[in-house]
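Okay, structure first, notes after.
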Amino acid sequence: MSGKTGWFQRWLLPGLAFKAVVIGGGYATGRELASYFLPSGPRGGLYAMLLSTAIWSTVCAITFLFALRTGSRDYRTFFKHLLGRFWPLYEVAYLAALVVILAAFAAAAGAIAQAVFGLPPLAGALALMTLITLVAAWGNDSVERLFKYVSFLLYGTYAVFLILSLLKFGGRIGAAFATETPTTGWAMGGLTYAGYNIIGAIIILPVTRHLTSRKDAVIAGVIAGPLAMAPAILFFIVMAGFYPTIQHQLLPSDFLLGQLEFPAFRILFQTMIFAALLESGTGGVHAINERIAHAYGRGGERAFTKPMRLAVTVAILAGSVFVADRVGLVSLIADGYRWLSYVLLAIYVAPLLTFGIWQLSRPAAAGAAEVEPAT
């Protein structure tokens, strides 16, 4: 085991990686928050977000425990243990999900490029895909550094955004939460949002190589939910001040930044969103590369080289840009994500919370309780 594995890698890095995957195009731009939380009003939206957070923490903790127990560091190994001979069901679902998610990221990057710089949407999408390709091709260490350093930028920017917004239109925000509005549908909104985003717990399995015990797995899993949702809650509080008008904005983030009338911060915030798209997209592609690397290098006789990673990444991203150009951000989030949620709840969450928990409750075979993390 590497002597460099400390509490940050064991307890915080999985949560930061999970945040990196779920923050993506719709979360960072506010489009997902407008679609799944605002329809229930300001207070109902917060209830839904707390429900999503609880679901994420629970499922992440059990996922990390199951991964540690079975020595699963890629999704193929994980689902061979969870679903047996039916594991290819997840392979198909994940590939479809990844294309839809990356397409949403590409569409978001294109919308930002058009709104902020007046560039064609395709320019923003291609810039994002190029950067994802460069980072993903370098493997685990490169991806983990991205998760760590972008997180500092992200949390700091959201905190400043909340402070500036409270100073500028805090009265509107307070009035929004004080006004009685219907909260119907918050449970379904929270469940749906948590359902399709929980795929992040599987995407970040390579990061769980640092876990050394069941305690690590539980702590990392429980922390992952709040780490992933905290920026969204800060953002949602500000969005509530412009409810219900903001529901119909393609980029709620850019709408709010316009209300702030602070051009320099607008550029910083959109840069942060682009960085969030980069880490989210990189996480998704990295999971595919690690799955292929595990299968290709079985027995240690062959290595999955950087050129091979590059080729796989380019192929996936090219298809995603095509889908983004044809479908668009709003449709991808409103329709594509909703169906992904139902599929993932059926083939991942339901088996994990039944068969997975049953497996974890059984005594481990001698010498197989926990697998030593990779160095």
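Worth knowing before you read on, the calculation uses all heavy atoms, side chains too, and leaves out hydrogens, waters and symmetry mates. Computed from a predicted structure; not experimentally measured.
Side-chain contact check for I288 versus Y75: some heavy-atom pair is nearer than 4.5 Å. Side chains of K80 and R85 form no contact here, defined as non-hydrogen atoms less than 4.5 Å apart. Side chains of F64 and V222 form no contact here, defined as non-hydrogen atoms less than 4.5 Å apart. Side-chain contact between T63 and L352 is present, with at least one heavy-atom pair separated by less than 4.5 Å. In this structure, the side chains of L153 and L268 come closer than 4.5 Å at one or more pairs of heavy atoms. Looking only at side-chain heavy atoms (C-beta outward), L260 and S165 come within less than 4.5 Å of each other. M49 is listed as a side-chain neighbour of L46, based on a closest heavy-atom distance under 4.5 Å. Counting only heavy atoms from C-beta outward, the side chains of I202 and F79 approach each other to under 4.5 Å.
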Donor-acceptor pairs are to be reported for all side-chain atoms of residues 224-236 against protein atoms at under 3.5 Å, with residues two or more places apart or in another chain.
none

Please set out all donor-acceptor pairs under 3.5 angstrom arising from side-chain atoms of residues 311-319, sequence neighbours excluded.
unit_1, atom_1, unit_2, atom_2, d
T313, OG1, N289, ND2, 3.3
T313, OG1, R309, O, 2.8

Side-chain atoms of residues 124-134: list all donor-acceptor pairs with protein atoms under 3.5 Å, sequence neighbours left out, distances to 0.1 Å.
unit_1, atom_1, unit_2, atom_2, d
T130, OG1, L126, O, 2.8
T133, OG1, M129, O, 2.8

Please list every donor-acceptor pair under 3.5 Å in which a side-chain atom of residues 168-177 meets a protein atom from a residue at least two apart or in another chain.
unit_1, atom_1, unit_2, atom_2, d
K168, NZ, E261, OE1, 3.4
R172, NE, G241, O, 3.0
R172, NH2, G241, O, 3.3

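Every pair passing side-chain hydrogen bond (donor to acceptor under 3.5 Å, both in side chains) that includes a residue from residues 149-161 is listed here, sequence neighbours excluded: K19-S151. Note on residues 41-62: pairs passing ring pair (Phe, Tyr, Trp, His ring centres under 6.0 Å), not counting sequence neighbours, are F18-W56, Y47-W186, W56-Y193.
Note that the CG atom of L89 and the CG atom of L83 stand 7.0 Å from one another [nearest 0.5 Å]. Between the CD1 atom of I112 and the CD atom of Q270 there is a distance of 5.0 Å, given to the nearest 0.5 Å. Taken to the nearest 0.5 Å, the CG atom of L211 stands 11.5 Å off from the CH2 atom of W11. Taking CG of L353 as the start and OG1 of T58 as the end, the distance is 8.0 Å to the nearest 0.5 Å. Rounded to the nearest 0.5 angstrom, R209 CZ and I204 CD1 are separated by 12.5 Å. Interatomic distance, F274 CZ to L278 CG, rounded to the nearest 0.5 Å: 7.0 Å.
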Carefully, step by step, assess E279 and L154 under the rule side-chain contact (heavy atoms from CB on, under 4.5 Å).
-> CA-CA 11 Å; E279 65 172 356; L154 186 145; 3.9 Å; yes

Could you walk me through whether R266 and D254 pass side-chain contact (heavy atoms from CB on, under 4.5 Å), step by step?
-> CA-CA 8 Å; R266 182 189 184 206; D254 201 56; 2.8 Å; yes

Kindly indicate, with the supporting measurements, whether the criterion side-chain contact (heavy atoms from CB on, under 4.5 Å) is fulfilled by R291 and E91.
-> CA-CA 10 Å; R291 177 263 186 268; E91 184 98 73; 2.8 Å; yes

Can you list the steps and then say if I199 with Y90 is a side-chain contact (heavy atoms from CB on, under 4.5 Å)?
-> CA-CA 10 Å; I199 192 175; Y90 182 82; 3.4 Å; yes

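One side chain, S72 or T70, offers a donor N or O that lies under 3.5 Å from an acceptor on the other. Side-chain N/O atoms of Y36 and S52 include no donor and acceptor closer than 3.5 Å.
Formation of a donor-acceptor pair under 3.5 Å by the T354 side chain with backbone atoms of P351 is found in this model. In this structure, S40 contributes its side chain and T184 its backbone to a donor-acceptor pair below 3.5 Å. Put simply, the side chain of R31 gets close to the backbone of Q249: a donor and an acceptor are under 3.5 Å apart. Checked by atom type and distance alone, the side chain of Q359 never pairs as donor or acceptor with a backbone atom of G356 at under 3.5 Å. Under the 3.5 Å distance criterion, the side-chain polar atoms of T208 are matched with a main-chain donor or acceptor of L205.
Here the closest heavy-atom approach between residue R10 and residue H210 is recorded as CG-O, 3.1 Å. Minimum interatomic distance between T181 and R43 (heavy atoms only, all atoms of both residues): N-NH2, 4.4 Å. Looking at every heavy atom in both residues, S341 comes nearest to L191 through OG-O, 4.1 Å. Between G200 and V21, the shortest heavy-atom contact is CA-CG1, 3.7 Å. For I203 against A287, the heavy-atom pair with the smallest separation is O-CB, 3.5 Å. Across all non-hydrogen atoms, the minimal contact from S253 to I273 is OG-CD1, 3.5 Å.
A cation-pi geometry, defined here as NZ or CZ lying under 6.0 Å from the six-membered ring centre and within 45° of its normal, holds between R362 and W358.
Within a 6.0 Å sphere centred on CZ of F86, other residues, nucleotides and ligands contribute 12 heavy atoms or fewer.
When hydrophobic clusters are built by joining Ile, Leu, Val, Met, Phe, Trp and Tyr residues whose side-chain heavy atoms come closer than 4.5 Å, directly or via intermediates, V238 is not grouped with L50. L344 is not connected to M188 by any chain of hydrophobic side-chain contacts under 4.5 Å among Ile, Leu, Val, Met, Phe, Trp and Tyr, and they are in different clusters. Both I237 and L51 sit in one connected hydrophobic cluster of ILVMFWY residues. Membership requires side-chain heavy atoms under 4.5 Å apart, directly or through other members. Cluster annotation: I163 and I267 are assigned to distinct hydrophobic clusters (Ile/Leu/Val/Met/Phe/Trp/Tyr, side-chain heavy-atom contacts under 4.5 Å, transitive). Note: the hydrophobic cluster containing Y342 does not contain V92 (ILVMFWY, side chain heavy atoms under 4.5 Å, direct or indirect links).
Using a 30° and 60° split on the angle between ring planes, F161 and F265 fall in the parallel class, below 30°.
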